[in-house]
Colleague: 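Let me give you the structure first, and then I'll get to my questions.
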Amino acid sequence: MKFQTVRGTKDILPAEIYKWQHIERTVRSVCERFGYTEIRTPVFEETALFARGIGETTDVVGKEMFSFNPSMEGDAMDSITLRPEMTASVMRAYLQHSLQTLAPLTKVYYFAEMFRKERPQAGRQRQFWQFGCECLGSTAAVSDAEVIAVMSLIYRELGITSATMKLNSLGNLETRKTYRVALQDYFRPHFEKLDAVSKERFDKNPLRILDSKNQSLAEIISDAPRLVDFLDDDSKKHFETLQSHLTNLGIAFELDFKLVRGLDYYSRTAFELVSTDLGAQDALGGGGRYDGLSTALGSESEVPAIGFASGVERLLMVMEKQNLFDHLKPQPPVLFIAALGEAAVKVAMTEAYKLRAKGVRCEMDLLGRSLKSQMREANRSGATYTVVLGDDELEKGIVQLRKMSDATQTQIALNEIIDKIQVGK
RNA sequence: GCGCCCGUAGCUCAAUUGGUUAGAGCACGCGACUGUGACUCGCGAGGUUACGGGUUCGAUGCCCGCCGGGCGCCCCA
């Protein structure tokens, strides 16, 4: 085999597409019930948008972007990048088209493919799909609650029950500066006990030490000062209001003071949905408030916003494991027409066409196969009925309508097929 | 990007310490049944053993490289 998909990419084949369609249908349905409208943005953007929007120091920007220079003469496309996430693009679109002038609040959702140049592993690909929504324009905790509710209802309607929603508040930029210093003060006496990765994080991003998967550090970490205790009054109030909204909605969550999302422009709310049915990449989705993003992108006014993103491949893995696709097999055809001979094929084609135009799913053989093979095909297709059409039937205008489940056959006129099968449906 | 493991028909797996025409089940095609599916029984097609080198009289099995996959790390969806 000469060609194959490039590393970290996958085909989604016809046999499994119904799973994807089910997820996509559910996502769209829930988002739209909450009043979110789909947004589609270009699959690539100026590299600088992501560099500024996600943060120069993050891994995503630092080493995972698919960037290239198309070098088109007379074009100012110095460097463009396949989107590694959607939030920056959504904010760009919001600012570019001045969406705030249309309404004080903008609520959008997306279902789109993302690209990151990472080493593939279970639940991690170089091209992968995400869905999510963004609510731009409100600082109110009720908007945080709504976004989490959207996410939560999507998973609920898909049948996911075992996932855990982790919740934290990061406060504002000041909060995190103070907390950062407090954390360094706390870890400094333990510095020699830290592992190499944590030592590196000590200066770069001490909040990430809390994230360490190293069990031997668990004790030190659990005694570390908590970010919640450093929250300013407004953030504290915001956090409490959010929690009471979630409680009212019956959305279960776990406070997790170790949950820190690395990007600078994040503020206050941070959340993540994790599942034990995944491997090391155990996050189904996550999100947070990003009030600082608009100004990071050069906007003069601050656009408060919150959103979430979810990984479709990971969701699929969990649903597969929990057998949540079992009742969703694609619809089989109602009728299969087995035609014998050129004249019969012609009639079969036109009859099938009429039925299809009327909304009936109907199939016929395209390979010139024997009757036996066509019957096998009819059986395989799961058709409810099969009609056999040969010279005799053509002559008399009468066909045998075979009910596949019990092999009973009834004689009916060719032009009465539609009445029969719709009654029998 | 780093470490460890893996790669044989479409799929799941065989193939005595390196030994001659690389097998089986499932799936697929055809037939038994000259115009009637499922069950059964035959027959058939399907492989450059991922790819490229090396060692050897001889390599699916050993060595190197490369491509791809899995697990973990980093990070995230």
Side-chain angles (χ1 to χ4, degrees), chain A residues 1-10 13 15 54-55 57-64 83-87 110-132 151 163 195-198 200-201 204-205 208 211-214 259-263 272-275 278-287 308-318 336-341 344 365 367 369-393 399-409:
Chain A
M1 185 70 66
K2 177 112 191 270
F3 292 110
Q4 53 181 327
T5 50
V6 301
R7 178 163 229 199
T9 66
K10 273 183 181 163
L13 298 173
I54 301 171
T57 61
T58 60
D59 280 22
V60 171
V61 170
K63 58 180 194 191
E64 297 170 5
R83 61 179 171 220
E85 56 121 57
M86 199 65 177
T87 306
Y110 58 87
F111 194 102
E113 59 281 73
M114 307 296 156
F115 306 84
R116 289 184 200 175
K117 208 167 54 190
E118 293 188 276
R119 173 90 179 254
Q121 151 180 358
R124 174 187 283 168
Q125 294 166 210
R126 290 184 169 184
Q127 181 189 135
F128 60 99
W129 289 77
Q130 282 188 337
F131 62 82
M151 185 175 176
D195 55 35
V197 175
S198 297
E200 201 178 310
R201 286 166 168 172
K204 233 169 80 183
N205 191 350
R208 285 240 151 253
D211 245 2
S212 175
K213 286 173 186 166
N214 190 336
L259 177 64
V260 289
R261 302 182 72 79
L263 317 190
E272 193 168 281
L273 192 72
V274 298
S275 169
L278 292 168
Q281 313 307 324
D282 66 350
L284 271 170
F308 80 86
S310 267
V312 180
E313 285 83 359
R314 292 186 188 174
L315 172 58
L316 213 87
M317 285 169 71
V318 172
F336 188 97
I337 303 179
L340 294 166
D365 173 62
L367 293 172
R369 285 183 276 190
S370 68
L371 180 63
K372 182 180 217 39
S373 294
Q374 293 194 49
M375 289 305 293
R376 279 188 187 142
E377 184 56 37
N379 181 57
R380 187 188 359 255
S381 76
T384 313
Y385 296 100
T386 300
V387 152
V388 177
L389 198 58
D391 291 341
D392 284 0
E393 288 81 1
V399 296
Q400 300 288 337
L401 182 69
R402 183 182 181 91
K403 193 173 175 191
M404 297 301 278
S405 58
D406 56 15
T408 55
Q409 296 198 158

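Labels below follow one simple rule: chain letters A, B, ... track the order of the sequence lines, proteins then strands, and each chain is numbered from 1. Below, each value reflects all heavy atoms present in this structure, side chains not excepted, and no hydrogens, waters or symmetry copies.
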Colleague: Mind listing the N/O atom pairs, protein and nucleotides 28-31 of chain B, below 3.5 Å?
Modeller:
residue : atom : partner : partner atom : Å
B:rC28  : OP1  : A:R380  : NH1          : 2.7
B:rG29  : OP1  : A:R380  : NH2          : 2.9
B:rC30  : OP1  : A:S373  : OG           : 2.7
B:rC30  : OP2  : A:S373  : OG           : 3.2

Colleague: Just to be sure I understand the rule, does A:G132 reach a base, reach only the sugar-phosphate, or reach nothing, if contact means heavy atoms closer than 4.0 Å?
Modeller: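 Counting heavy atoms under 4.0 Å across all strands, no contact is made by A:G132.
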Colleague: Pick base, sugar-phosphate or nothing for A:G8, based on heavy-atom distances below 4.0 Å to the nucleic acid.
Modeller: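 Sugar-phosphate, no base atom in range.
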Colleague: Can you tell me how far P in B:rC39 sits from the matching atom in B:rC26, rounded to whole Å?
Modeller: 11 Å
Colleague: Compare side-chain N and O positions of A:R208 against OP1 and OP2 of B:rC76 and report whether any pair is under 4.0 Å apart.
Modeller: yes
Colleague: Without decimals, in angstroms, what is the distance between A:M86 CE and B:rC76 C1'?
Modeller: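 It works out to 18 Å between those atoms.
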Colleague: Between the side-chain atoms of A:R124 and the base atoms of B:rA77, is any donor-acceptor pair under 3.5 Å?
Modeller: no
Colleague: Are A:Q374 and B:rU36 close enough that a side-chain N or O sits under 4.0 Å from OP1 or OP2?
Modeller: no
Colleague: Would you mind calling B:rG61 syn or anti? Take O4'-C1'-N9-C4 for purines or O4'-C1'-N1-C2 for pyrimidines, and syn is within 90° of 0.
Modeller: syn
Colleague: Could you give the CZ-to-P distance, from A:F336 to B:rG35, as a whole number of Å?
Modeller: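 To the nearest whole Å, that distance equals 17 Å.
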Colleague: Looking across every strand, which nucleic acid part, if any, lies under 4.0 Å from A:Q125 by heavy atom: base, sugar-phosphate, or nothing?
Modeller: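 Base, at least one base atom sits under 4.0 Å.
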Colleague: B:rA32 P sits how many Å from A:L371 CG, rounded?
Modeller: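 Roughly 13 Å, once rounded to whole Å.
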Colleague: Checking all strands, does A:A407 fall into the base, sugar-phosphate, or nothing category for heavy-atom contacts under 4.0 angstrom?
Modeller: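 Base: the residue A:A407, judged by heavy atoms under 4.0 Å, touches a nucleobase.
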Colleague: Using a 4.0 Å heavy-atom cut-off, does A:L284 contact any base of the nucleic acid, only the sugar-phosphate backbone, or nothing at all?
Modeller: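 Sugar-phosphate: the residue A:L284, judged by heavy atoms under 4.0 Å, touches backbone atoms but no base.
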Colleague: Taking salt bridge (charged side-chain N to carboxylate O under 4.0 Å, His left out) as the test, write out the residues that go with A:R126, two or more places apart.
Modeller: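 For A:R126 there are no salt bridge (charged side-chain N to carboxylate O under 4.0 Å, His left out) partners, ignoring immediate neighbours.
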Colleague: So, using salt bridge (charged side-chain N to carboxylate O under 4.0 Å, His left out) as the criterion, who are the partners of A:R83 when residues are at least two apart?
Modeller: A:E113
Colleague: Quick check for you: to the nearest 0.5 Å, what is the distance between A:N379 atom CG and A:Q374 atom CD?
Modeller: 13.5 Å
Colleague: Which residue is it: A:V399, A:L389, A:T386? I am looking for the one with a side-chain contact (heavy atoms from CB on, under 4.5 Å) to A:I337.
Modeller: A:L389
Colleague: State which residues pass salt bridge (charged side-chain N to carboxylate O under 4.0 Å, His left out) with A:R380; sequence neighbours excluded, sorted by chain then number.
Modeller: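 Counting only residues at least two positions away or on another chain, A:R380 forms a salt bridge (charged side-chain N to carboxylate O under 4.0 Å, His left out) with A:E377.
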Colleague: With respect to the phosphate group of B:rG69, does any side-chain polar atom (N or O) of A:R7 fall under 4.0 Å of OP1 or OP2?
Modeller: yes
Colleague: For RNA chain B, what is the dot-bracket line, given that a base pair needs Watson-Crick (N1 to N3, plus N6-O4 or O6-N4) or G-U wobble (N1-O2 and O6-N3) geometry with both distances under 3.5 Å, and | means paired with another strand?
Modeller: (((((((..((((.....[...)))).(((((.......)))))......((((..]....)))).)))))))....
Colleague: Could you state the atom-to-atom distance from CG of A:D406 to P of B:rG37 in whole Å?
Modeller: 15 Å
Colleague: At 4.0 Å (heavy atoms only), tell me whether A:A122 reaches a base, stays on the sugar-phosphate, or touches nothing.
Modeller: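 Sugar-phosphate contact only.
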Colleague: Once you apply a heavy-atom cut-off of 4.0 Å, does A:E393 come out as touching a base, just sugar-phosphate, or nothing?
Modeller: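 Counting heavy atoms under 4.0 Å across all strands, the contact made by A:E393 includes a base.
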Colleague: Which atoms of nucleotides 5-13 of chain B (N or O only) lie under 3.5 Å from a protein N or O atom, and what are those distances?
Modeller:
none

Colleague: Given the C1' atoms of B:rU21 and B:rC73, what is the spacing between them in whole Å?
Modeller: 48 Å
Colleague: Nearest heavy-atom pair of A:R7 and A:P120: which atoms, and what distance?
Modeller: CG-CG, 3.7 Å
